[in-house]
Every structure is written in structure tokens, then in C-alpha cells.
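Working notes for the structure below.
The figures that follow rest on heavy atoms only: side chains count, while hydrogens, waters and symmetry mates do not. Below, chain A is the first sequence line, B the second, and so on; all start at residue 1. These numbers were taken from a predicted model, which means no experiment stands behind them.
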2 protein chains.
Amino acid sequence: MVFNDNYSSPDQLVAAVKETGPNLDIYRQLFDCILEQRLAPNTKLNEQDLAQVFGVSRTLIRQSLQRLAAEQVVVMHKNRGAYVAAPDFIVAQQILDARELIELAVVDLACGSLGAQEIEALKLMITLEQEALDQGDTGTALRRSGEFHLRLAQAAGNQPYVHMLRGLISQTSLIIAMYGQGGNTCARDEHNELIAALVVGDKSLSSSLMRHHLAHIRTGCDFNRRVNSGSLAMVLR
Amino acid sequence: MVFNDNYSSPDQLVAAVKETGPNLDIYRQLFDCILEQRLAPNTKLNEQDLAQVFGVSRTLIRQSLQRLAAEQVVVMHKNRGAYVAAPDFIVAQQILDARELIELAVVDLACGSLGAQEIEALKLMITLEQEALDQGDTGTALRRSGEFHLRLAQAAGNQPYVHMLRGLISQTSLIIAMYGQGGNTCARDEHNELIAALVVGDKSLSSSLMRHHLAHIRTGCDFNRRVNSGSLAMVLR
DNA sequence: AAAAACATTATTGTATACAATAATAGCTCA
DNA sequence: TGAGCTATTATTGTATACAATAATGTTTTT
């Protein structure tokens with residue numbers, strides 16, 4: 001049980017979180033903070049500090065933390081609080097394996113059965129993602145990329161797939177945030193190609209593209225990179 | 001808490017699983033109530049009433065409801081409260097499809113790689129399940145059957161599979177509670193055969209057995225059966 | 001000086017109090 | 001009568017207060 005107690009001071013926590021606007025709900029703000037590593041892996045998430053930062057009571061903080069814990073983006077220890085998750089190499093592989101399993105099942109369902117409206121929505125997601133990337137907002141880009149995959153699952157029509165994928169995407173985002181090295185700008189083209197193959201109804205091509213797309217996540221990561229907790233939390237503009 | 005614990009010895013496991021009565025936590029009690037249909041599908045779960053019934057504050061009730069909602073066993077509507085989920089035919093099929101996907105992946109991992117200790121634990125689960133069935137405690141039997149599958153996933157070693165399966169098993173249990181007709185007493189033999197095939201390392205047999213096992217869930221259900229929603233009063237015994 | 005026991009503080013866990021929203025009942029008026 | 005409006009009640013949503021547990025620091029003892 002590794003408690004990394006390079007616990008950032010409350011001031012760091014405050015600074016890390018204040019970036020985001022007050023209009024988003026707590027869960028989303030916390031999530032984005034984690035994706036952008038303003039809250040680094042293993043960082044302790046003190047409830048009172050967070051409550052003050054967000055200007056709400058601990059009640060809402062706890063709710064958000066519990067939801068994040070359900071998605072395994074944070075880990076909660078009884079009577080010891082919540083910490084930003086830090087999946088190691090092994091677990092990261094398991095997460096990516098699981099995601100591939102689900103995504104391939106989604107592709108199987110969605111192939112050839114996408115409606116015109118859904119296709120439009122998916123293309124819009126791609127545009128939005130690229131937009132964020134162009135502005136250097138990697139956190140938002142990461143989230144929107146996830147939203148693209150999630151929307152695809154919704155179009156496929158299997159409810160549990162959507163639900164499971166939501167959690168897996170969250171964790172994948174965390175993995176990319178931890179180990180990624182920024183060389184993932186090919187994402188838009190890959191998404192576009194995938195959509196094209198799905199629309200045409202080419203099942204084997206679609207599967208292949210999805211497999212490669214997910215493989216690129218793996219190759220875009222350096223799992224040897226030791227992610228130090230706390231120190232990166234100060235990186236903010 | 002219920003499924004999450006790693007038991008180091010069979011004795012601890014027995015104690016943990018067998019425990020009954022007022023010491024169980026709220027989540028589990030609520031869950032059991034739902035499985036036994038003392039809380040029927042679509043029943044509104046009034047927080048204050050539940051708090052009084054269980055002798056705790058709404059805080060703990062809300063926590064449990066949120067967890068159940070995360071597992072999609074209850075549905076929450078903003079400002080309108082929580083209701084016992086009632087998956088219709090379509091969604092039920094989707095749930096069972098999703099479960100099959102995960103369980104087959106689990107079998108693939110577990111086949112030939114089970115340790116002696118894990119095998120023992122699994123066999124114990126089977127015994128406990130049968131014990132509950134013999135006593136006519138179908139709710140407990142249902143839950144323990146789920147715990148068997150979950151433990152198998154744990155033995156397989158992929159963390160996300162365990163997590164996803166937990167939710168799917170909960171929902172499957174709900175489906176069986178809603179549509180099942182009690183003809184599922186073959187479960188023990190099926191579980192035993194599965195374990196045998198996994199130990200031997202026969203992959204295709206293991207997969208086949210798992211597929212059939214899950215198929216039996218489907219055939220054991222009558223999806224035309226209209227389930228009438230009950231009230232909270234039934235929890236009061 | 002080191003270790004153990006105690007006291008103090010900080011943090012999480014739970015209950016209660018208050019606010020906001022939805023549901024309901026009782027009017028008013030056509 | 002009944003449709004629509006208002007007042008009342010019930011229920012959920014949020015904040016605060018209190019309790020239990022863990023972390024920390026200090027003293028005592030050897």
C-alpha cells in the first residue's frame with residue numbers, strides 16, 4: 001500500500017484547481033485537473049481544501065470524489081481520504097486491454113448501422129477535439145477525444161457498453177496524462193478514417209482501424225517514465 | 001466493501017460471506033432487498049423512510065443509493081429521487097450480451113492459470129451458494145452465485161474486468177429477480193464443470209461452458225412477465 | 001538519545017439543520 | 001364541474017455541526 005506523501009501544500013492544491021471556471025460542476029473540474037496533471041497521480045485530495053477552493057461544502061466534494069472513485073480515477077482509503085489514481089504499467093495494460101475489448105464490440109455493433117444524424121454529431125466531435133488541440137488545450141482535447149468514443153458507443157446502442165466505456169476512457173485519459181509524450185496528433189485522421197469505414201460498413205477495416213488507433217495510445221506512452229507526485233501539480237499557467 | 005475485500009484465508013471468506021443480520025452495511029441490505037424483490041422494480045426509494053428503517057441518517061442512505069445507481073441497479077432522477085431499476089427486454093439483452101463479452105474474456109485469461117488456493121476459494125463459493133439454495137434463501141443464493149463469477153474474474157487478474165463485471169452481475173441479478181422462474185438449480189453443476197475445464201486448461205470447453213451457462217440465464221427468464229412495482233412497506237418486514 | 005506513552009491536532013465519517021425544488025391540496029372563477 | 005392558480009406540504013439538495021479515527025507532536029522513561 002503505497003501512500004506517496006509528497007503531499008502538496010494546500011496552496012498548491014488551491015492554485016492547481018483555480019484555473020478552471022466556476023461554471024462547470026465539481027466533478028468535471030476535478031476530472032479536468034487530473035487529466036491536465038494539475039493534480040498529479042498520488043496527490044492526496046483533501047476534502048476541506050477542495051471545498052474551500054470550489055466554494056462549496058464537503059458534501060459536494062465527497063460526492064464527486066465517490067464518483068471519481070467509481071470510475072477508478074481516484075482511489076479512496078477508509079478513514080484516510082482520496083488520492084489521485086496512479087495505474088502502474090501492469091494495470092495500464094489491463095485497462096487498455098479492457099478498452100479494446102469493449103471498443104471492438106462497439107465497432108461490431110455500429111458498423112453499417114450509423115444514422116446520418118449520428119455521423120454528423122461524430123464529425124462535430126472530431127472538429128471540436130482538433131480545435132482544442134490547436135489551442136494547446138490538451139486536457140480539453142483529451143476529454144473530447146473520449147467523448148467521441150463515448151458517442152460512438154451510444155450510437156452502437158448497447159447501454160452497458162456505454163457505461164463501461166465511460167470508466168475505461170476516464171482511466172485511459174489518466175494513463176495518457178501520466179505516460180503520454182504528446183505525439184498523438186494523428187488522432188483526428190484516425191477518427192475520420194474510422195467513421196468512414198463504419199459508414200461504408202466495412203467490418204474488418206473498422207476493427208482494424210480501431211485496433212490500430214488503440215495501439216497508438218500504447219506506443220505513444222513511455223511506461224518507464226517515473227511520474228513523480230505532487231511536484232507536477234504546480235505546473236500551471 | 002462487499003465485493004472488494006481480498007480475503008487471505010478461506011475462513012475469513014466464509015465469515016465475510018456468511019455474515020448476516022444488522023451489522024451488514026446499508027448498501028448490501030438494500031441490494032439484497034432488491035434481489036429478493038422485497039423492493040420491486042420501479043419502487044420509489046424514499047430517503048427518509050429508508051433512513052428510519054435502517055436506523056441511520058439520510059447521508060448513508062444517499063451514499064448507498066449513489067453506489068447502486070453507479071451499478072445501474074437503481075435509477076436516480078434529479079430532484080425526484082431514486083427508483084429500483086426495471087430493465088426492459090431490450091436492455092436486459094444488452095446487459096447479458098455485455099456480460100457474455102466480459103465473462104468470455106475472463107475465461108480466456110483464467111484458463112489454465114488458476115492457483116490451488118484460488119480453486120479452493122471458488123469451490124467454497126459454490127458450496128455456499130448451494131447451501132443458501134437448500135435453505136430457500138434465493139436472494140442470498142443469487143448474490144453468492146454472482147460472487148463466484150466475480151472471484152473468477154479476480155483470479156483472472158484483469159482489474160477492469162472485475163470492476164465491470166461487478167456492475168453487470170448486479171444487473172443480471174436484478175434481471176433474474178424480475179423475470180426468472182426458479183428453474184436455475186443447475187447452477188452448481190455448471191459452476192463445477194466450468195472450474196474443472198479451467199483447471200485442465202481446455203480453452204474451448206471452458207468458453208463453451210460459460211456460454212451455455214449464461215444462455216441458461218436467458219432461457220430461465222420469461223420476459224413477457226409484467227412485474228408490478230411495490231412499495232417501501234415491504235422492507236419493514 | 002531512543003522509544004514508548006500520552007496529549008494535541010487534523011481529517012474523515014455521520015447526523016442534523018437549512019434551502020431549493022417538486023408534488024399536492026385547496027381555492028377561485030369561469 | 002373543472003381548469004387554472006395559489007398555498008401548503010413533502011422530498012430532495014446542500015451546508016453545517018458533531019463524532020470517530022488517524023496523524024502529529026510532546027513528554028516521560030529507560
Side-chain angles (χ1 to χ4, degrees), chain A residues 1-14 16-17 22-30 34 39 42-70 72-85 229-230 233, chain B residues 1-2 4-5 22-30 33-34 39 42-70 72-85 229-236:
Chain A
M1 200 140 303
V2 182
F3 287 155
N4 196 331
D5 278 342
N6 280 1
Y7 174 14
S8 335
S9 71
D11 303 300
Q12 288 176 349
L13 197 61
V14 170
V17 171
N23 286 348
L24 296 168
D25 71 351
I26 313 295
Y27 160 80
R28 174 98 157 244
Q29 290 186 62
L30 270 176
I34 292 173
L39 291 174
N42 281 322
T43 303
K44 162 140 190 174
L45 300 171
N46 182 293
E47 295 179 1
Q48 183 146 303
D49 292 344
L50 289 173
Q52 257 186 312
V53 168
F54 287 113
V56 297
S57 75
R58 276 177 55 216
T59 306
L60 296 186
I61 299 297
R62 281 176 74 84
Q63 264 181 224
S64 299
L65 291 178
Q66 278 162 5
R67 181 172 168 189
L68 288 165
Q72 318 243 69
V73 173
V74 314
V75 180
M76 299 191 76
H77 300 281
K78 181 159 182 168
N79 283 323
R80 291 186 186 174
Y83 295 76
V84 179
S229 67
Chain B
M1 331 297 179
V2 176
N4 238 354
D5 300 329
N23 287 348
L24 289 171
D25 71 353
I26 312 297
Y27 161 79
R28 173 111 152 229
Q29 289 186 62
L30 270 175
C33 285
I34 292 173
L39 289 173
N42 282 321
T43 303
K44 163 139 188 176
L45 299 172
N46 182 293
E47 295 179 0
Q48 184 144 307
D49 293 347
L50 288 174
Q52 256 187 310
V53 168
F54 288 111
V56 296
S57 77
R58 277 177 54 217
T59 305
L60 296 186
I61 299 297
R62 281 176 75 83
Q63 264 181 225
S64 299
L65 290 178
Q66 279 161 4
R67 179 170 171 190
L68 288 165
Q72 319 242 73
V73 172
V74 315
V75 180
M76 299 191 75
H77 298 101
K78 180 157 185 163
N79 284 323
R80 300 180 123 214
Y83 295 78
V84 178
S229 64
S231 73
L232 266 185
M234 306 172 72
V235 183
L236 292 162

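Remark: B:Q72 pairs with no residue by the side chain to side chain donor-acceptor pair (under 3.5 Å) rule, at least two apart or across chains. Looking at residues two or more places apart in sequence or on another chain, you find a side chain to side chain donor-acceptor pair (under 3.5 Å) between A:Y27 and A:E71. The side chain to side chain contact (heavy atoms under 4.5 Å, CB included) check on A:S57 picks up A:T59, with sequence neighbours excluded. Under the side chain to side chain donor-acceptor pair (under 3.5 Å) criterion, A:R67 pairs with no residue at all, not counting sequence neighbours.
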Report task. Using a 4.0 Å cut-off on protein heavy atoms (strictly under), produce a 5'-to-3' string for nucleotides 9-16 of chain D with B for base contact, S for backbone-only sugar-phosphate contact, and - for none. Result -> --SBBBBB
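Tested against B:I61, the residues B:L45, B:I26, B:D49 include a single side chain to side chain contact (heavy atoms under 4.5 Å, CB included) partner, B:I26.
Between its opening and closing five pairs, the helix from C:dA1-D:dT30 to C:dA30-D:dT1 changes axis direction by 10°, a value rounded to 10 degrees.
Across every non-hydrogen atom of A:M76 and A:A82, the tightest pair is CG-CB, 4.0 Å. The two residues B:K44 and B:R80 have their closest heavy-atom pair at NZ-O, 3.1 Å.
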